[in-house]
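Only this structure's heavy atoms are used, side chains among them; waters, hydrogens and symmetry mates stay out.
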Amino acid sequence: MADCDNEKAPLTVNTKSLSDDSASSHSSVVSRKGYSSIDSVYDEFAGLPDKDADILREQVTVPVVSASFFRLFRYATKNDKLLLAGGVVASILEGLMRPLMSYVFGFATEQFTNLPNGMTSSWNNGTYEYFNKTENMLFNETSHKWYYPSDAFSNFTSDYYGYGNYTDGNYEYYAMSKDDFLRQIGYYSLALLLIATAVSILTYIKSFIFIDRAEVLASRIREQYLAATLRQNIGYFDKLGAGEITTRIASDTVLVQDAMSEKVGYVISHSTTFVAAIILSFTQSAELTAIILGNVFAIIVVSLYGSKVVTKYAERSQTGYGGGATLAEESISSVRNVQAFGIQERMVQAFDTFLQVAEQWDLKTGYASGLQSGLVHFFAFGIDALTYWQGTRLLTEDKVSVGIMMTCVMALFQGAFAFTIISPYAANISAGLAASTKIFATIDRKSAIDSSVETGSRLQTVSGDIELKNVRFIYPSRPNVTVLRNFSLQIPAGKTVALVGSSGSGKSTIIGLIERFYNPLEGQVTLDGHDITDLNIRWLRQNIALVSQEPSLFAVTIFENIAYGLIGTKFEYAAKEEKMDLIIEACKQANAWDFICELPEGLETQVGERGFLMSGGQKQRIAIARAIVSDPKILLLDEATSALDTKSEGVVQEALDRASKNRTTIVIAHRLSTIKDADRIVVMRTGTILEQGTHTELLEKKGEYYSLVEAQSIAGAVELFTAAPDEDDGEAQLDEKAGIEMTSLAKIETTATATYVDVESGESEDLASAFTVLKVIYSIAKRDLAAMLLGLYSGALTGVAYIGLSVLYAVALTYLQEYSTPFYYEILRRSVYPLAGFIFMHGGVLFFSNSIAGATFGYASSRLMRRIRAMSFRQLLRQDIAYFDASENSVGALTSSLASDAQSIDALGGETANKMVESLVVMLGGLIFSLFVGYKLGLVMFATVPLILVIGYFRFRFLANYMEQTKKENTSSSDYACEATSAIRTVLSLTREEEIMERYRASLARTVKCNRGASNKSAIFDGISRGMQYYIMALGFYYGGQLVGNGEYTLYQFFLIFLIVVFGSESTTTVFTFAPEMGKALRAGRSIKRLLESEPVIDAQSTEGIMLNAEKTSGEIEFRDVHFRYPTRLNVPVLRGLNLSVKKGQFIALVGSSGCGKSTTIGLIESFYRPQRGAVFLDGQDISTLNVACYRSQIALVQQEPVLYAGSIRYNVSLGSSRPVTDEQVEKACRSANIHDFIMSLPDGYDTLCGSKGALLSGGQKQRIAIARALIREPKVLLLDEATSALDSESEKVVQAALDVAAKGRTTIAVAHRLSTIQNADMIYVFESGRILESGTHQQLLANKGKYFDLVQLQALEKN
């Protein structure tokens, strides 16, 4: 078993390739060397005892959930089910309208075919007589002579229409007046009009119900997913990134919503049409229907199997992108680190690796979808070919009439056509099903430690006695390393016990066990003698307050942040005034009240996302106030004062000492000055206790603790004074991070957007047109122009094929009219059979055109989606830091847009794009063709098509604007969920789960309410547009009947124009059913356009600016009268005439109270911002004139909160260099940072994964890797922003020595609160209120006995 110094050493896994075999080798390299995603973990616990393996496996295993359509509706209530049943009924009834129309159409067609046109026959005195309309003559079959009819027939062509009925060898001739014919046509037209009205009403009902219920049910799924996520044990999050959770909520739930929306209604109605058409056809002619039923079953098999394959591929694509979403979230949240090291392009390349995996599955999805569509079209038109072929045979055998045959052919064609247009809807549903598997897997996962359960006992009184008895512990994410071995520790009630020791010794693990974040393998953790596994989890955590090393605040006011500490107490629902008293007292105890009072809005000040409007010290003090406001029985302080300046630390520590009285307090500390008054100090190493006692006792032993104290001692004899500091040395009058003037009397808005000039200025007000957006998208997609042109050609060919089919149908109907008498049956067969063959050939053409169009559009859209995401991500990382300070550009919002915007554009690809091109060709080609064939009917019928276009356009325009408006609501709820999951440990320790869910539920309810009116309008538009095709048919039959009845048009002209318009209106209506997708795509396109066209002021990708010669760069830094205000607070000064000089190779230190301008100085040196006045110089050159990337390559930054990425340790260290590095260079840097021995103790060494945001490492381990990353850069200027704050004393001493060595020959600027780390600095600058208060060496400043002298006093560790 490896040494347990690696308390939170990373998970060792085998990564399962998400791509196909061709990409497997590439994926494995990425997993080992660079950024990786853990799709599934092989059984890492196989070598452990069964009991241990079961305990660990339970904490990380996620169940596999198969895709199921009905599972999507699992949260439907009884009322929802009734409404959905109504929607299903409306869909079924609407689907029945098409077969009903086919029935009407068949008999109406028979009326037309019974008209004399060319040659027809009659039975006269036992002899067939044939009437020639052109010559107005009859031909007698017996005499074989033509003759003119009697007067009774002289006006046959103008007033009467004849038709025959052949029965048992007798042919009867009937005469019908023109008025009777037109009356019959009027009846059929009225029937179509009624059908059109019914279709409009039923479509409205089904659309509104499904859209509205989908919105409601999707909001419940989002709610359940977040609730399930919040109740998961911490082990679950050790391998899952916050970005993946954000993507699930922001993107995947949208796909799930689409799968439950009006598309379900369309699938039901079209499926009903398909089934009803077959039934109707059977009732008309069972023999004919049986002949073609094989094609029907072929369509069903292709559709079902194809949908299954498409769903599988789509699911794998979603999984592939999940790791990329996590990488994006990590990169955006640490954008300062990304820009400082110039690793934007490397992050984009790593991100693109995940996009490549997703693209491979998207390509397969497109190919499968295209092939499915092609096969469905082939078999559908095979139905028509068989109908004309075998139907003609049956007609000549007197088994069917023309009316029956046409009813069958139209019904089956409508059924087949309905089934062909199911595929795009089915693709949407398949995508939703694929997305749902990950969501429901989390929802269905049984948490090993579920804080939502009500089981477990609650003690009546809590004393606070805590004991760990023979505890053995292994992290579920690292089963190869034992962290605690037979560990026992007793913590008496009301006492303060401090845990100290090297990083990875098990200190934080004890905190996690007491909070019940994890379960031990053996032993017990007890509270007042009760095993905490028997206690209610929520109750337990409500009696414990935790302050972590990296404090997490939430994007609400200071008051609300602190009030979260009252959850679970009797004051949780108290009046605000009562809470206010408690909160003010807590703020005073935490030394936060003074700076809060200076804020214009006091406790009502917004802290910003993750508290970014507060400085580190201010965040820490608010977190401390939140912890002590509830007067908890147990207080856990995990480096609670690490982010405070020395003076604040002293005051806060005094407050914590007071707060610790009469309560059990466990303190983890590296800064030993904070725990010297503890009742007992426990010194740990490798999961065992080395020694314990009071501060004095341990110093006298001169053991491990004595060595740690010696390492932190400050040089120079310092006389200790007990006098209080001067009154005017109080809190700095400046919130450095937010730029809030504390003494300002003006009421300043505290949100991040108060005075921020957004890079999107004006764009959101003046929305780009659809044409402009299309130009932008085309410019991105034109690399695949060949594929798009082939797709366009194939889609156009499909449209032309429909026009050709209209011609074939019209010709066939003409033959049926001319040769439907027994005398011409042979001619009829010879005429129609070839047409059936041509229709079959058209089916083959449609197979190839649809398959190619679906595949090529799928190919182009998949590559476009990858390109958009990569370009957007690259452009995001390029933006100014000020861009990310704006509240609308939160991490959650940007991660969400990155996933959803490209997805929305992709929704217009594949089947949707094919249908759009097909519809356009049918409409334009059909219009031109119709005008040549018969302009009167063509103009009248095509004049109605613009109505469909206008209605569709207004629906599209309405939905596009609606999408813009609702994006903010959706983004807000996504941000809130992302914020909660990113700070999951804080959320669980505060037991905020229910409160978060209440807020999230309210946010979702607002969105649903806002969307209901829009859904209603959308359904109205949809109903009108769906009914329009039937209104057009009614008009066509009526007006066409008039033209045919008056002899102006032949049957061929009428049916040709009629069928072209029917096909065109059907295609156009189908296209506009995708109006919601079009609206989303337009909104996404505008968002993409704004981002891609935004130009940062400080552009690291720009080639402009002076290029530095690295060999000649010495590293002299100078500030000359620098005045600076943050872009979020342009009316508030931060630095006020800062003058500072750093010579080549000097080591200078910046010290001072929190918020005095130290970190701002670092930010200006890194060129994150530009000063409003004055300038920063490097070697005498204004850095604003230098090339940004070249300039930053000379600088290395180590931040207070170390940023690591979810790749290997080797990968993270190598990110420090802009050039490829060798393993030897990586190892050398790690040795210098005192991390090499730890890395080599891990099973996978340098190839060990760090986890999302380095979650699988302890704070000290992360910091040392971050230092190694900076050292491998070999910078001319080294910036250390509290670089050793997270290190234990032993490691700090070694690392500080390494940093001292690394500083030789380079300029080093260090921000430090722990003054022992900078006592050897060449120059120390003491900041106050944005200016230099005093400067000098350590000894000089001590001799001055000024502010620095006071700061040193507070950190003294002498015995007395």
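Taking the side chain as every heavy atom from C-beta outward, N337 and L1197 never approach each other to under 4.5 Å. Looking at F554 and T986, their side chains come closer than 4.5 Å, going by heavy atoms from C-beta outward. Looking at V1151 and F1327, their side chains never come closer than 4.5 Å, going by heavy atoms from C-beta outward. In this structure the side chain of L1150 reaches within 4.5 angstrom of the side chain of T1161, judged on heavy atoms. No side-chain heavy atom of V1203 sits less than 4.5 Å from a side-chain heavy atom of R336. Put simply, the side chain of P632 does not reach to within 4.5 Å of the side chain of I544, judged on heavy atoms. Counting only heavy atoms from C-beta outward, the side chains of N561 and V556 approach each other to under 4.5 Å. Contact check for V1198 versus L1279: no side-chain heavy atoms found under the 4.5 Å cut-off.
Between A623 and L553, the closest heavy-atom pair is N-CD2, 4.4 Å. The shortest non-hydrogen separation linking I596 to C587 is CD1-SG, 3.7 Å. Of all non-hydrogen atoms in T664 and G464, the two that sit nearest each other are OG1-O, 2.6 Å. When all heavy atoms are compared, the tightest approach of A678 to I681 is CB-CG1, 4.1 Å. In terms of heavy atoms, L540 sits closest to I514 at CD2-O, 3.8 Å. Of all the heavy atoms in L1204 and E330, the pair that sits closest is O-OE1, 4.2 Å.
Considering OG of S451 and CD1 of I537, their distance stands at 6.5 Å, rounded to 0.5 Å. Taking CD1 of I491 as the reference point, atom CD1 of I634 lies at 9.0 Å (rounded to 0.5 Å). Atoms OG1 and CZ, from T229 and R231 in turn, are 8.5 Å apart once rounded to the nearest 0.5 Å. Atom OG1 in T496 sits 11.0 Å away from atom CZ in R680 (nearest 0.5 Å). Taking CG from L230 and OH from Y1000, the interatomic distance works out to 10.0 Å, rounded to the nearest 0.5 Å. Annotation: the span from L484 atom CG to Y475 atom OH amounts to 8.0 Å, rounded to 0.5 Å.
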Where do E994 and R999 land on the salt bridge (Lys or Arg N to Asp or Glu O under 4.0 Å) test, with the steps shown first? CA-CA 9 Å; E994 289 184 2; R999 288 184 177 232; over 6 Å; no
Please walk me through it: do S334 and Y1205 pass side chain to side chain donor-acceptor pair (under 3.5 Å)? CA-CA 10 Å; S334 62; Y1205 303 97; 2.9 Å; yes
Test side-chain contact (heavy atoms from CB on, under 4.5 Å) on I584 and F559 and set out the steps. CA-CA 9 Å; I584 291 174; F559 177 88; over 6 Å; no
Test side-chain contact (heavy atoms from CB on, under 4.5 Å) on L468 and F473 and set out the steps. CA-CA 11 Å; L468 285 79; F473 178 77; over 6 Å; no
So E560 and L603, side-chain contact (heavy atoms from CB on, under 4.5 Å) or not? Walk me through it. CA-CA 8 Å; E560 290 174 283; L603 285 169; over 6 Å; no
Intermediate values then yes/no, side-chain contact (heavy atoms from CB on, under 4.5 Å), L566 and V629: CA-CA 7 Å; L566 294 172; V629 69; 4.1 Å; yes
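For E1166, there are no salt bridge (Lys or Arg N to Asp or Glu O under 4.0 Å) partners at least two apart in sequence or on another chain.
Of the N and O atoms on the side chains of E329 and T326, not one donor lies less than 3.5 Å from an acceptor on the other residue. With hydrogens and angles left out, the side-chain atoms of T509 and Y518 include no donor and acceptor closer than 3.5 Å. Inspection of the E993 and S452 side chains reveals no N or O donor paired with an N or O acceptor under 3.5 Å.
K507 places a side-chain N or O within 3.5 Å of a backbone atom of G501 that can act as its donor or acceptor partner. With D679 contributing its side chain and V497 its backbone, the two residues share no donor-acceptor pair below 3.5 Å. In this structure, N543 contributes its side chain and W539 its backbone to a donor-acceptor pair below 3.5 Å. Put simply, the side chain of R541 gets close to the backbone of R516: a donor and an acceptor are under 3.5 Å apart. The backbone N or O of D465 sits nowhere less than 3.5 Å from a side-chain atom of S463 that would complete a donor-acceptor pair. In terms of modelled atom types and a separation under 3.5 Å, the side chain of T991 and the main chain of V987 share no donor-acceptor contact.
Sorted by first and then second residue, the pairs that involve residues 562-572 and meet side-chain hydrogen bond (donor to acceptor under 3.5 Å, both in side chains), not counting sequence neighbours, are Y564-R992.
The local environment of NZ in K579 is crowded, with over 12 non-hydrogen atoms from other residues, nucleotides or ligands closer than 6.0 Å.
Residues E995 and R1001 are not paired through a salt bridge, judged by the lack of any N-O separation under 4.0 Å between the basic side chain and the carboxylate.
No close placement of the Y573 and F571 rings is indicated, their centers lying 6.0 Å or farther apart.
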